[in-house]
Amino acid sequence: MEVHMIILTGVLVTVAVYLLLSRNMIRMILGTAVLSHAVHLLLITMGGAAEGHVPLLGESDGPYVDALPQALILTAIVISFATTAFLLVLAYRTYEETGTDDLNYLRRVRRE
Amino acid sequence: MNKFRGTGGTGATAAQFLLNLFIAFLWMLLLDEDKFRVTTFAAGFIVGIFIVFFMHRFFGTQFYLRRMFAIVKLMFIFISELVKSSWSVIGQILSPKLTIRPGIFRYDTVLESEGEVTTLSLLLTLTPGSVVMEVTEDGRGLYIHAMDIESSKQALIVQLKNFEKAIMEVTR
Amino acid sequence: MLVVLGVFFPFAAAGLIPLLYRLIPNRRIGWFVMAVPLVLFAGLLSIVPGIAAGKTANVTVPWIPDAGIDLAFHIDGLSMIFGLLITGVGSLVVLYSIHYLSERESLGHFYAYLLLFMGAMLGVVFSDNLMVLYAFWELTSISSFLLIAFWYHRKGSRYGARKSMLITVFGGIGMLAGFLMLYSMTGTFSIRETITLAPELSEQPLYLAAMILVMLGAFTKSAQFPFHIWLPDAMEAPTPVSAYLHSATMVKAGIYLIARFTPIFGGESTWFWTVSLIGIVTLLWGSFNAVKQNDLKALLAYSTISQLGLIMSLLGFGSAALAAGTDAEQVLLAQAGFAALFYMVNHSTFKGLLFMIVGIVDHELGTRDIRRLGGLMALMPVSFTLAVIGSFSMAGLPPFNGFLGKEMFFQAAVTVSSGNPFTADGAALLFPVVGWIASVFTFIYCMIIVYRTFLGPRQPEKVDRLPHEAPKGMLVSPAVLALFVVGIFFFPNLAGKYLIGPAMPAVFPTLAGKPGLVPHIQAWHGFNTPLLMTIGVIAAGIILFVTFRHWRLIYRFPPFRWNLDTVYRGLIGGMETGSTLITKRYMSGNLRDYFVYIYVFFLAAAGGSLFLKGAFKPDFRMETIAVYEVTFVLIMTFAALAMPFVKSRITATLLNGVLGYSIAIFFIFFRAPDLALTQTVIETVTTVLFLLCFHFLPDWKPERAPARTKIINGLIALGAGAVVTGFALTVKGYVVFDSISGYFEDSYTLAGGKNIVNAILGDFRAFDTMLEVVVLFIAGIGVYTLIVLKAKKGGGDIEGK
Amino acid sequence: MNADTIVEYTAAILMVTGGLMSLVSAIGLIRLPDVYTRSHAATKSSTLAVLLTLLGGFLYFWALERFISVRLLLGILFVFLTAPVAGHVIIRAAHRSGVKLADISKKDELAEAKERLMEEQNLERLNREKKNDSGV
Amino acid sequence: MKGNDVILRTVSRIVVFIILTFGVELFLSGHNNPGGGFIGGLVLSSALVLLYVVFDIETVHQGVPLDFKKVAAFGAMLAVLSGTAAAVLGHPFLSQGFGYFDLPIFGVTELTTVTIFEAGVALTVIGTVETIILSISKDV
Amino acid sequence: MNNILVLPMVIPLLTGFVLFFLRPSVRAQKLVASLSILSLIAVSVRMLLKIRDAGILRLDFGGWKPPFGILFVGDSFAALLVLTTSIVSGLILFYAFAATERRHENMFFYPFSFFLVAGVNGSLLTGDLFNLFVCFEVMLLASYVLVTLGGGKSQLAESMKYVAINVVASWFFLVALAFLYGTIGTLNMAHISVRVAEAGQGPLLSAIAVIFLIVFALKAGLLLYFWLPGSYSSPPAPVAALFAALLTKVGVYAMFRVFTLIFYHDSSITHGLIGAMAVLTLAGGSLGAVAYKDIRVIASYNVVIAVGFMMLGLAVFNEAAFRGSVYYLIHDMVIKALLFLAVGSMILLTGESRIDRMSGLIRNYPLLGWLFFITMLSLAGIPPFSGFIGKVYTGLGAVEGGNYWLLLAGFLSSLFVLYSLLRIFMNCFWGETTITREEQRPLNKKKLIPLSLLGALTLAIGVGTQVLAPFVADAAHVLANPEIYIEAVLGEVQPDE
Amino acid sequence: MVNTLMLIALILFSFTIVIAVYRIIRGPSKPDRVIALDMIGVNLLASIAVVSCLLETKAFMEVILILGILSFIGTIAFSKYIERGVIVERRHNR
Ligand code: NA
Ligand code: NA
């Protein structure tokens with residue numbers, strides 16, 4: 001169950017990096033969002049194959065899948081949510097101030 | 001001012017109590033225990049107290065036990081209408097050539113309260129070939145999109161009348 | 001005790017002077033300042049007999065014992081000479097400055113810097129610890145920097161200060177590296193211990209590098225070719241400073257260093273050739289350039305460069321003694337070292353004197369340009385006399401100490417050329433020849449000083465003021481120096497016995513005690529080669545001076561016009577423009593470029609180490625694979641690939657939502673209900689956030705980028721995807737260790753929870769969760785702040801009330 | 001073949017039926033001419049498909065371990081309650097944002113009503129302006 | 001032509017209660033079932049999001065007069081303080097305790113300090129999500 | 001139990017919350033902040049002494065033994081940096097009390113600063129690799145907010161880049177963690193080290209190490225520093241000072257930790273790659289420092305140079321060089337704070353930021369001028385200021401290790417440092433005075449005191465190096481001998497064997 | 001056999017999702033795309049129900065309910081965005 005997941009991760013990374021390299025802010029931010037999808041998938045894939053039961057004691061007698069990566073991903077998900085939220089708002093504030101959502105033009109924004 | 005307050009304020013306290021019971025019941029169901037336990041129900045009731053306390057300003061819809069039954073009954077109507085409508089739509093989708101003539105028409109209902117109008121709209125939306133698009137400001141006029149307006153407008157109106165009657169039986 | 005005092009007294013005084021200046025805000029402050037070097041001078045004098053008898057004074061104050069860096073001070077014969085020069089000339093310079101500087105100047109700063117310098121200089125010559133020496137070494141550069149830029153509002157002052165700082169610090173850093181190499185060979189920072197270990201060093205691989213780096217320090221500090229260029233510009237400093245730092249003391253720190261390190265590096269042919277050649281080239285180049293100068297101070301600066309070269313070359317000659325075979329040869333060669341120190345003392349006297357006289361001329365006429373000067377003899381007779389003494393001494397004429405020094409130089413040059421351990425006889429003939437030519441130029445510029453300034457026609461129309469003799473107070477210091485110039489000529493052996501002689505064992509420790517190491521100096525030693533050379537110098541000098549007008553055009557020829565200053569300016573300018581060009585080229589300010597750098601580096605470094613170093617061992621084994629999983633993989637691939645190409649941001653956001661929800665179902669496939677729950681909610685909330693923010697942003701336009709950029713982007717993206725995939729496939733096949741998470745399966749007994757993930761989050765790794773909550777909180781308040789900020793700017797407060 | 005097996009088969013068949021209906025509505029999503037008609041497919045057949053599947057799941061767990069999953073029942077209730085609302089809201093948004101009906105559509109009383117309202121408002125404004133003009 | 005949100009609002013009022021109850025259940029049962037502070041908090045805040053979308057900020061604010069910034073701060077502080085409490089009592093920082101108690105109404109119940117910690121988590125999540133959404137929305 | 005270890009993180013966290021609630025009263029905020037900083041310093045000193053007496057300290061959160069739970073590990077290296085962080089951030093905050101606009105104070109400037117400090121201290125102390133990621137995020141999120149504080153056009157534009165790049169850096173961190181967990185199956189750094197050593201750091205683990213290198217290089221500004229000058233030169237002075245003093249150092253610290261404790265088996269990375277990156281960083285930083293006329297940008301490139309210099313120690317990889325880097329880290333935290341505050345003050349006073357638009361400031365603000373002068377000397381590594389000893393040890397390490405190119409690059413870079421700052425000093429402080437006594441804006445004591453204290457600190461560290469010497473020696477010793485650290489963490493538990 | 005039927009159901013649901021993704025990409029109107037997303041949500045929900053049966057675990061029941069809730073919220077939010085460009089208003093002005 002891993003190989004196709006790994007390839008999928010690769011596809012997601014490719015798309016994310018391509019989006020990241022765009023000039024448009026929203027494209028770039030969507031790129032970061034896809035990046036985090038990719039890494040969450042990667043984390044769970046690297047945690048090992050899904051051979052085992054849901055890590056709920058009492059649901060079954062085990063063996064259970066590795067629960068640690070799940071906990072790590074949970075933390076990672078919340079953190080990437082926090083970051084994305086901030087980045088989004090920063091993007092629109094930047095647009096409001098500079099009048100452009102083109103990252104290429106941001107370099108020309110000189111100090112006032 | 002308070003837009004949450006529904007029609008009539010007399011039964012507010014009683015309704016809150018009912019809502020609380022509802023939550024307790026919900027709680028009990030959620031816990032998925034093998035048999036009914038008073039303690040579970042009580043715990044649910046306490047949870048309900050918090051929620052209702054927290055949300056009490058939103059409260060307003062009158063909840064009578066009677067209406068609970070009505071809702072269950074209406075849900076069965078929903079289901080049957082849903083099955084019928086789905087079947088019809090599937091037929092239209094799978095017919096080799098699309099012959100439908102969609103359109104929007106207005107229907108003025110005799111129902112008054114928000115709950116009644118909503119129920120009607122939900123039913124109607126689940127009825128074959130019709131979706132409620134707008135409710136006029138006075139809450140009496142419904143704009144309905146029909147999948148095949150030529151063949152089914154009249155049938156729809158008849159059906160609407162029946163629904164109105166059924167709902168009023170429940171609510172009044 | 002005197003040693004510690006010697007170093008720290010000036011610093012303490014330097015700290016106090018600005019405070020004292022608040023009480024005595026006029027030139028009388030100088031008298032207090034003068035007390036410092038005077039007291040130290042007296043103290044040092046008092047130990048001269050002891051030092052002459054071979055004793056040394058030592059003291060160690062711990063500083064960083066762990067690093068072997070202690071404030072270890074050591075006075076021997078060599079440091080004594082310098083100590084006396086520093087304090088002696090220092091006293092005279094302060095005395096001179098009392099009258100020289102206007103009361104409008106910030107005297108507090110001036111004297112503080114001066115004392116700072118004095119302490120630093122004493123520190124350099126007294127230190128026995130390489131690091132401490134380095135510390136004081138840099139401090140001399142700094143105080144020199146501050147003194148050169150004393151008139152910091154002048155552009156020239158700043159330029160000169162910066163130049164001197166850059167060049168001397170450059171040398172200093174090299175020297176530090178050399179010291180560190182020495183340490184790595186010896187394990188000690190103590191100079192004396194290093195000297196005792198010297199015989200074992202020459203075989204070490206770092207020996208040569210250390211030597212060259214130490215020389216670098218010395219040459220930059222002592223303004224040796226090609227590093228001499230800072231010295232003329234340092235003349236922007238007030239004249240007392242020039243007299244003190246840039247002729248009598250600081251520039252001699254390099255001489256000191258070479259002398260001090262002769263026991264360690266001397267006797268090596270590299271050392272001999274480098275020091276001697278650099279010295280002799282500097283001597284020639286300096287004297288040759290001094291002749292063409294119009295500014296008296298610049299002339300003196302080049303003269304100083306040249307004379308420092310002379311001293312340096314003498315030290316180089318002398319170092320050969322340590323490699324010479326017989327005692328006689330050793331002693332004969334070592335006398336070059338003696339000559340170096342002797343010449344150095346002389347130079348301090350007559351050059352200090354000349355600077356002070358030039359200062360007086362400048363002070364009285366407001367100019368130092370010899371094209372505007374002339375005929376001052378009648379108006380300033382005392383100054384004239386003193387100038388003649390100084391100039392003639394420098395020119396090497398009797399009855400002044402310069403004559404003795406010059407004779408000894410010629411003698412040493414002849415000795416080296418006639419035989420030294422590193423070449424066959426006569427191969428070093430260039431030393432006396434070049435030395436002689438340089439002496440001719442020296443003679444010429446000395447005559448220029450006297451004739452163009454004090455003799456010849458007066459040019460009152462070119463000068464604003466009517467000059468008259470300087471105040472007596474200003475003449476005292478030069479007069480005292482003149483006294484030494486004459487005195488040493490008549491009693492050279494007094495200096496030889498008490499001053500120079502005791503230093504010889506420090507420079508040539510292996511020759512200590514050998515008879516004849518300290519030569520008997522005679523003014524008249526018969527018609528030997530040196531005397532003939534001197535006569536030749538005078539003859540040629542007079543002819544060339546008289547015909548100067550005719551041959552000065554030579555300076556216009558490119559090889560002579562070609563200027564190291566131009567190189568320096570070119571370097572600095574080139575560095576500035578070059579760095580601007582380069583930096584602005586890649587620091588484009590464009591986020592896309594930065595991402596490109598990051599990912600290209602990722603591809604090169606991580607991808608390189610994966611694919612090129614044999615790490616890539618993909619594992620394509622598939623345990624179970626279900627059709628529906630493949631379908632969901634396809635769904636995600638489909639949705640993802642469409643994202644960059646859709647025309648509307650809403651569509652892209654929806655597709656992102658599809659990805660998020662689909663990941664939730666993969667979490668389900670991986671038996672991770674908590675993850676699936678969190679993922680779905682977070683995905684929805686994120687989507688809502690996107691929608692909220694879209695209100696403020698324009699819909700996106702098609703990506704306007706050249707095809708080339710798009711292709712590069714695509715390749716980088718593909719590469720990143722491939723590298724991640726490659727890694728993951730390899731990691732999949734790497735089965736060596738079990739995960740530690742088996743432990744958590746006891747979560748019910750350990751932490752009282754049946755949901756293992758929840759137990760990890762709430763208990764085993766609760767700390768992560770706690771911080772994650774903090775992260776979330778910061779983000780939330782951060783968003784609030786970002787938005788409130790704007791409202792405040794616009795004037796309105798969005799908080800309503 | 002005991003009762004539980006029958007229930008399990010029933011559950012599985014319910015699920016397959018749900019899947020088929022779902023696919024049919026997906027086809028509708030492709031075939032139908034405009035957003036309004038497509039919404040019929042989505043809000044009705046798709047919803048029913050899901051409900052069937054959930055019901056299947058409910059039965060399956062009941063057969064398997066006599067487990068009454070309230071969450072599934074609640075899920076059914078929830079989809080039941082919200083699916084038509086979602087359909088209504090999307091359609092309304094579509095119309096309000098000016099998405100055209102397919103050409104085959106017969107009539108649009110809502111659009112007519114909206115136009116009438118606009119005309120009335122325009123008329124009113126014109127009248128007001130006129131009044132203001134005359135008042136000056 | 002103005003419309004009427006009656007359908008959406010009426011249904012949402014019911015739906016919100018279901019979501020809220022479900023959220024609390026998720027929060028409390030997370031120790032043994034899927035759920036916990038994070039998810040509970042997220043579900044509760046999504047209920048509020050629904051209210052904000054269906055109604056409007058001022059209306060909801062009348063119903064839930066909370067300063068969500070402070071809720072978030074209080075929650076995060078609670079999470080940190082629950083760890084500090086253990087330290088004050090001489091246990092390693094963030095030590096959690098659990099035990100089984102016979103309570104009057106609830107019967108034998110497992111009580112754990114994790115619940116306090118998770119409450120902090122939940123409050124932070126609610127507070128933060130609402131703060132973000134409200135901040136952006138008020139900017140319109 | 002060593003609950004003291006968590007205090008450097010918990011004190012600022014709780015302070016942050018309290019300050020958040022104290023928003024209406026700036027005075028109360030200042031009071032609480034001051035008390036908190038003082039206690040933070042006291043705790044750090046106490047911790048350092050405790051480590052000296054008892055060796056490396058360990059705190060297992062929740063009492064879960066390593067490698068299963070998260071833990072903080074306090075060795076001299078971490079504790080020294082925690083102490084420096086506390087002191088330096090305290091002084092910066094003290095400056096901020098006087099320099100921060102009311103507008104920013106209302107924007108939770110102080111709480112965010114404390115969260116930043118908490119993140120930094122956590123990153124320094126943690127012994128768990130995933131927790132390091134989380135601590136980084138605490139630090140980064142706080143920095144995201146702080147970098148936008150002020151919110152001008154260019155500031156937001158630069159913030160955008162800063163945040164975006166750090167998001168990508170965090171992504172790399174997670175990717176690296178995923179691969180590491182997939183191969184090694186554990187998160188405790190000491191345990192990872194044991195397992196890596198057991199498996200032998202083969203090509204795969206080395207390649208994963210390279211990803212970690214990228215992560216930390218991005219945070220530290222090692223070669224991948226292009227985000228740095230823009231984002232460090234746009235926010236208000238106290239924020240820039242906090243960034244310059246703390247943020248890159250955490251990246252540098254992490255690199256030292258990871259590449260001395262875990263991935264020290266492959267010299268082509270530790271010596272080769274890191275060395276090359278350090279040299280390129282020095283070169284790029286040096287060129288940048290002389291390329292611009294904006295004093296904030298010049299200062300920012302000096303941050304880059306310092307990173308390159310500190311990394312020389314890791315590239316050289318011997319105890320002397322480690323010592324040098326530890327000294328230099330401490331020095332650089334102090335001096336970068338001073339540099340950025342001084343630069344900020346200059347801009348505040350003149351309203352200009354380009355060297356060709358300022359002149360003769362020393363006449364108006366002599367103390368500021370001399371402080372800048374001291375900063376310059378200290379940065380150039382001139383004794384007896386704090387930069388000297390680090391330079392000496394790094395140089396010594398390079399000589400001993402035979403890394404002459406690194407030595408050359410490191411020492412040459414200090415010339416560029418000197419040149420770049422000389423340019424500021426000569427153009428801005430020297431030259432004709434353009435501001436008359438009447439028009440000059442006052443530079444009040446409240447701002448000058450923290451500046452002077454930082455100046456005194458750089459001198460004190462240089463002169464009183466001996467006080468630090470045993471701690472630094474211990475820090476370097478542990479870096480050079482990872483088994484000490486491992487023993488302290490896993491001593492009584494043997495998870496595998 | 002039961003499992004096979006369930007797998008078939010699962011594949012059918014995933015095909016539906018594929019088609020819905022196509023609709024999202026094709027559009028043409030925004031409401032079209034939102035309808036498709038809504039459809040994906042409910043189909044995922046159904047898929048999870050099937051997967052739960054396949055894996056014989058009750059652990060995913062919460063996910064089913066949550067997906068239902070969220071796809072509703074998401075649809076409402078998107079609709080409001082399409083309708084007004086703003087999804088949360090400060091005050092409903094009517
Ligand atoms: Na593996
Ligand atoms: Na949980």
In Å, rounded to the nearest 0.5 Å, how long is the span from [atom1] of [X] to [atom2] of [Y]?
{"X": "D:T53", "Y": "G:L45", "atom1": "OG1", "atom2": "CG", "answer": "9.0 Å"}
{"X": "D:L74", "Y": "G:I69", "atom1": "CG", "atom2": "CD1", "answer": "7.5 Å"}
{"X": "D:L72", "Y": "G:L65", "atom1": "CG", "atom2": "CG", "answer": "9.0 Å"}
{"X": "G:E83", "Y": "D:H95", "atom1": "CD", "atom2": "NE2", "answer": "12.0 Å"}

Relative to chain D, which segment of [X] carries a heavy atom at a distance below 4.5 Å: side chain, backbone, both, or neither?
{"X": "G:S52", "value": "both"}
{"X": "G:F15", "value": "both"}
{"X": "G:I35", "value": "both"}
{"X": "G:I17", "value": "neither"}

message: Once salt bridge (Lys or Arg N to Asp or Glu O under 4.0 Å) is applied, what residue pairs with a partner in residues 24-51 of chain G remain, sequence neighbours excluded?
response: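 Qualifying pairs, neighbours excluded: D:R38-G:D32.
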message: Taking salt bridge (Lys or Arg N to Asp or Glu O under 4.0 Å) as the cut-off, I'd like each qualifying pair that reaches into residues 40-58 of chain G, sequence neighbours left out, listed once.
response: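 Applying salt bridge (Lys or Arg N to Asp or Glu O under 4.0 Å) to every pair that reaches into residues 40-58 of chain G, excluding sequence neighbours, yields D:E65-G:K58.
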Output the option from [options] having the highest count of non-hydrogen pairs under 4.5 Å with chain G.
{"options": "D:V16, D:V79, D:I76", "value": "D:V16"}
{"options": "D:A86, D:A11, D:G75", "value": "D:A86"}
{"options": "D:Y60, D:F58, D:Y36", "value": "D:Y60"}

Less than 4.5 Å to any heavy atom of chain G: does that hold for the side chain of [X], its backbone, both, or neither?
{"X": "D:V89", "result": "both"}
{"X": "D:L64", "result": "side chain"}
{"X": "D:I91", "result": "neither"}

- request: Might you work through the side chain to side chain contact (heavy atoms under 4.5 Å, CB included) test for D:V85 and G:T75, ending with a clear yes or no?
  value: CA-CA 10 Å; D:V85 179; G:T75 308; over 6 Å; no
- prompt: Do D:L23 and G:I19 come within less than 4.5 Å of each other through their side chains, counting heavy atoms only?
  reply: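 A side-chain contact exists here, since the closest heavy-atom pair is under 4.5 Å.
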query: Hey, are the side chains of G:F13 and D:M15 touching, using non-hydrogen atoms and a 4.5 Å cut-off?
result: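 No, their side chains stay 4.5 Å or more apart.
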- request: Against chain D, work out which of G:M1, G:R23, G:E62 has the most heavy-atom pairs shorter than 4.5 Å and name it.
  value: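 Option with the top pair count is G:R23.
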message: Please rank G:N3, G:L5, G:L10 by heavy-atom pairs under 4.5 Å with chain D and give me the top one.
response: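 Ranked by contacts with chain D, first place is G:L5.
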